[in-house]
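Below: the structure, in structure tokens.
One-based numbering, in listed order, for ligands and for the atoms of each.
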Amino acid sequence: MKIIKNIDILRNTINEYGENKAIGFVPTMGFLHEGHLSLIEKASSENDITVVSIFVNPTQFGPGEDFETYPRDLDRDARLAEGAGADILFFPDAREIYPIGASTFVEVEGAITKKLCGSSRPAHFKGVTTVVNTLFNIVSPHKAYFGQKDAQQLAVIKKMVRDLHMQVTIVACPIVRETDGLALSSRNVGLNPEERKQALILSQALNRARNLWKTGETDVKILKAVISDGINTMPLADIDYVDILDFNTLEAIKKIEAPALAAVAVRFGDTRLIDNIILE
Ligand code: PAF
């Protein structure tokens, strides 16, 4: 696997593979875990060339968020990415992605970016869509792989690709969980042992709502209360949001009549975790 920091070298390296090669792309912010590796493995099984990027994107972090402390470990990531089938690891620095004076952003407007994470992180998705668009321009992938854990990010990116007629297929991959149910996240390393224990409530509360929905309960207010009440039993849990929305549009719903997304964001100390399930 080649590790490349420079855009021109990356493009030349991809070109050297020859024409008509299928390029799979897995954009990440590094500190890779099994969730990322499942994306890389899938990309590698479906494409001729698999490019993984590691870039902790400053524009998607708000003031006071964890940009500085976001975990980073290139050597470990390189080993893991290569083991999962990556051919190229693109590891640019901020100046490479955002040239001096850069002032162009790509923003998906509307409810889809205002709800859920968008309400407590107002500039977050603008940063995500800008960097993903930039990375797509650099890598020119045929397929790009994203985890369902960041369900809102996935919906926003799909919308950007559709709205801008971008020639890339977005492949959604299922959430990977620890055996006890905690959704894998690079941020999980920030949890102390007690927070880690209590963080299990996210998947447990979501599953409780799913079980109730399976017995015929479709009232969103009731299902949301089940999730919030469950999470609030944990003294260290500080809810950012609990919501159930239309899966495709992220519009508010009162009853579940079509696929719905039940999503939560909860702080444990300095660590903010997200999780979700699809009710369909
Ligand atoms: O999901 C992430 O890790 C990031 O938001 C992404 C898509 C790599 C953009 O920085």
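With ligand atoms numbered from 1 in the order given, ligand 1 contributes 8 (C) to contacts under 4.0 Å with heavy atoms of T28. Numbered from 1 in the order shown, with element, the atoms of ligand 1 that lie under 4.0 Å from a heavy atom of Q60 read 4 (C), 5 (O), 9 (C), 10 (O). Close approach of ligand 1 to V131 is summarised as follows: ligand atoms under 4.0 Å from at least one heavy atom of the residue are 9 (C), 10 (O).
Salt bridge D243/K224: present, at least one basic N to carboxylate O contact under 4.0 Å. For the pair K143 and E46, the salt-bridge criterion is met [side-chain N within less than 4.0 Å of a carboxylate O].
Looking only at distances, no side-chain donor or acceptor of E217 sits under 3.5 Å from a matching main-chain atom of L212.
Stacking of R95 on the aromatic ring of F55 is not recorded, the 6.0 Å distance cut-off and the 45° axial limit not both being met.
For atom 7 (C) of ligand 1, the nearest non-hydrogen atom of the protein is Q153 NE2, 3.5 Å.
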